[in-house]
Amino acid sequence: MKHTQTDHGPTAPDADGPAGADGARLVGSDRVLAVLKELARHPGGVGLEELTRAIASPKPTVHRALGALRRAGLADQDARGRYVLGDEFLRMAFAHHEARPEHVRVRPVLDALAHRFGETAHYAVLDDREVVYRAKVDPPSGAVRLTSTIGGRNPAHTTAVGKLLLTRQLDSLDEVEKWVGDSPLERRTPRTRCTAVDLHRELTATRERDYGVDDQENENGVNCLALPVYLTSPTTPSGAVSISALAYRTPLASLIDALDEIRVLLGPLGEPHS
């Protein structure tokens, strides 16, 4: 996990502690935020010793950071003495998420898709080399559900949403090669496209058909189909809506066969306009 790097301004009183996990020295509010982010990784709670190791800071300064977070209601201790996110943090997070215009507008579409196909529907956006899930609707109760979470991330090159949205940024092989850079693309499954040539070929096909597919490239046994949605711009997709399905239950071919029906369910949100 990467932590916020220090400012180059005046040094905070406890800035002479050890460096964080990425080698950057954590100071003042940076350390408090690092503790807050680490708490979010432990929904079942985390002890002081583990927190101290995770952010590589002295125990007294981590304890002070926790005190500041507890006074603000952003952290709390459970009955076992382990630290968890506080109710005030959860209240703010959920209130902000529910009030987002994009969430309000796309939720009925996700509900309809999850009900129609009995699979998980997502709304996700592109963030550099990753996709971020902004909204999710699980299938009706009783069906097997995916473990994806709102706010979760996946590599863009392994996902239907990511490849679809990358087609708006990467037109040529040269652009794809620059995007890939010197670091090899992560191989999530044997089907993941991990070279610039393979990814460029897939982006070209995706651009021509105007929908993205993930044929078990991000997770074995799970396939996905994605279509663009226009929530914030009449001409540029704000993100994409996807149906992520267990391959044995809903093969990718079945989703592709239902494209016309999916476009109808998307309605105006799926159509660019002037």
Side-chain angles (χ1 to χ4, degrees), residues 1-2 110 113 117 119-136 144-230 236-260 262-263 266 270 272:
M1 171 181 175
K2 285 188 176 290
L110 300 183
L113 291 171
F117 293 96
E119 302 288 357
T120 300
H122 295 102
Y123 170 68
V125 300
L126 186 65
D127 182 17
D128 195 18
R129 297 171 68 90
E130 297 178 311
V131 296
V132 183
Y133 298 98
R134 291 279 181 85
K136 173 189 177 183
V144 177
R145 301 182 180 192
L146 302 183
T147 57
S148 55
T149 59
I150 295 173
R153 292 171 176 262
N154 270 317
H157 71 281
T158 69
T159 60
V161 167
K163 289 183 291 183
L164 175 65
L165 296 177
L166 282 175
T167 63
R168 271 65 181 184
Q169 297 184 5
L170 308 176
D171 290 328
S172 66
L173 177 57
D174 182 60
E175 289 174 329
V176 175
E177 289 175 338
K178 289 179 180 178
W179 184 84
V180 172
D182 297 328
S183 302
L185 294 175
E186 179 183 358
R187 183 176 294 280
R188 285 289 182 90
T189 77
R191 299 188 180 191
T192 305
R193 291 168 171 81
C194 293
T195 69
V197 171
D198 287 343
L199 181 58
H200 172 61
R201 186 180 299 117
E202 174 68 7
L203 294 182
T204 299
T206 301
R207 187 179 298 106
E208 291 173 351
R209 64 186 176 229
D210 202 28
Y211 66 85
V213 296
D214 158 14
D215 189 7
Q216 301 185 58
E217 298 158 51
N218 186 64
E219 184 177 352
N220 286 318
V222 178
N223 53 45
C224 182
L225 183 142
L227 290 166
V229 290
Y230 301 82
T236 303
S238 58
V241 162
S242 67
I243 304 168
S244 299
L246 297 178
Y248 78 86
R249 189 168 63 192
T250 307
L252 182 58
S254 298
L255 295 175
I256 294 173
D257 288 343
L259 260 173
D260 288 343
I262 295 171
R263 293 188 193 278
L266 283 178

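The model shown is predicted, which means the values in this text are computed figures rather than measured ones.
Proximity of V222 to L246: side-chain heavy atoms (C-beta onward) are separated by under 4.5 Å at one or more points. Here the side chains of Q169 and L126 are in contact, with some heavy-atom distance below 4.5 Å. Within the 4.5 Å cutoff, no side-chain heavy atoms of Y230 are placed close to those of L266. Between L166 and T206, the closest side-chain pair of non-hydrogen atoms is not below 4.5 Å. Side chains of R191 and D215 form a contact here, defined as non-hydrogen atoms less than 4.5 Å apart. Two residues are said to be in side-chain contact when any heavy atoms from C-beta on lie closer than 4.5 Å; D214 and N223 fail this criterion. In this structure, R207 and D171 have side chains that are in contact, with non-hydrogen atoms separated by less than 4.5 Å.
The distance from atom CG of L199 to atom CD of E177, rounded to the nearest 0.5 Å, is 11.0 Å. With rounding to the nearest 0.5 angstrom, the CG atom of N154 is 14.0 Å from the CZ atom of R129. For the atom pair CG (L110) and NZ (K136), the distance works out to 11.5 Å, reported to the nearest 0.5 Å. The CG atom of L173 sits 11.0 Å away from atom NZ of K178, with the distance rounded to the nearest 0.5 Å. H200 NE2 to S172 OG: the interatomic distance, rounded to the nearest 0.5 Å, is 7.0 Å. In this structure, CD in E219 is found 11.0 Å from OG1 in T192, a value given to the nearest 0.5 Å.
Between G151 and V132 the shortest heavy-atom distance is O-CG1, 4.1 Å. Across L227 and D210, no two heavy atoms sit closer than the pair CD2-O, 3.8 Å. The two residues S148 and T120 have their closest heavy-atom pair at OG-CG2, 4.5 Å. The two residues A240 and L164 have their closest heavy-atom pair at CB-CD2, 3.9 Å. The two residues C224 and S244 make their nearest non-hydrogen contact at SG-OG, 3.5 Å. Counting all heavy atoms, side chain and backbone alike, P190 lies closest to N220 at CD-OD1, 3.9 Å.
Taking the six-membered ring where tryptophan is involved, the planes of H122 and Y133 are tilted, since the angle between them lies from 30° to 60°.
Under the rule for a ring pair (Phe, Tyr, Trp, His ring centres under 6.0 Å), Y211 has no partner lying at least two apart in sequence or in another chain.
Pairs engaging residues 151-164 under the salt bridge (charged side-chain N to carboxylate O under 4.0 Å, His left out) rule: D127-R153, E130-R153, K163-E202, K163-E217 [sequence neighbours left out]. The side chain to side chain donor-acceptor pair (under 3.5 Å) pairs that include a residue from residues 250-260 are E119-T250, where partners are two or more places apart or lie in different chains.
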Step by step, would you call V241 with I262 a side chain to side chain contact (heavy atoms under 4.5 Å, CB included)?
CA-CA 10 Å; V241 162; I262 295 171; over 6 Å; no

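Proximity of a side-chain donor or acceptor of S242 to a complementary backbone N or O of V161 within less than 3.5 Å is not detected. Here the side chain of R193 pairs no donor or acceptor atom with the backbone of L185 at under 3.5 angstrom. In terms of modelled atom types and a separation under 3.5 Å, the side chain of R134 and the main chain of Y123 share no donor-acceptor contact. Judged by distance alone, the side chain of H157 and the main-chain N or O of A196 form no donor-acceptor pair under 3.5 Å.
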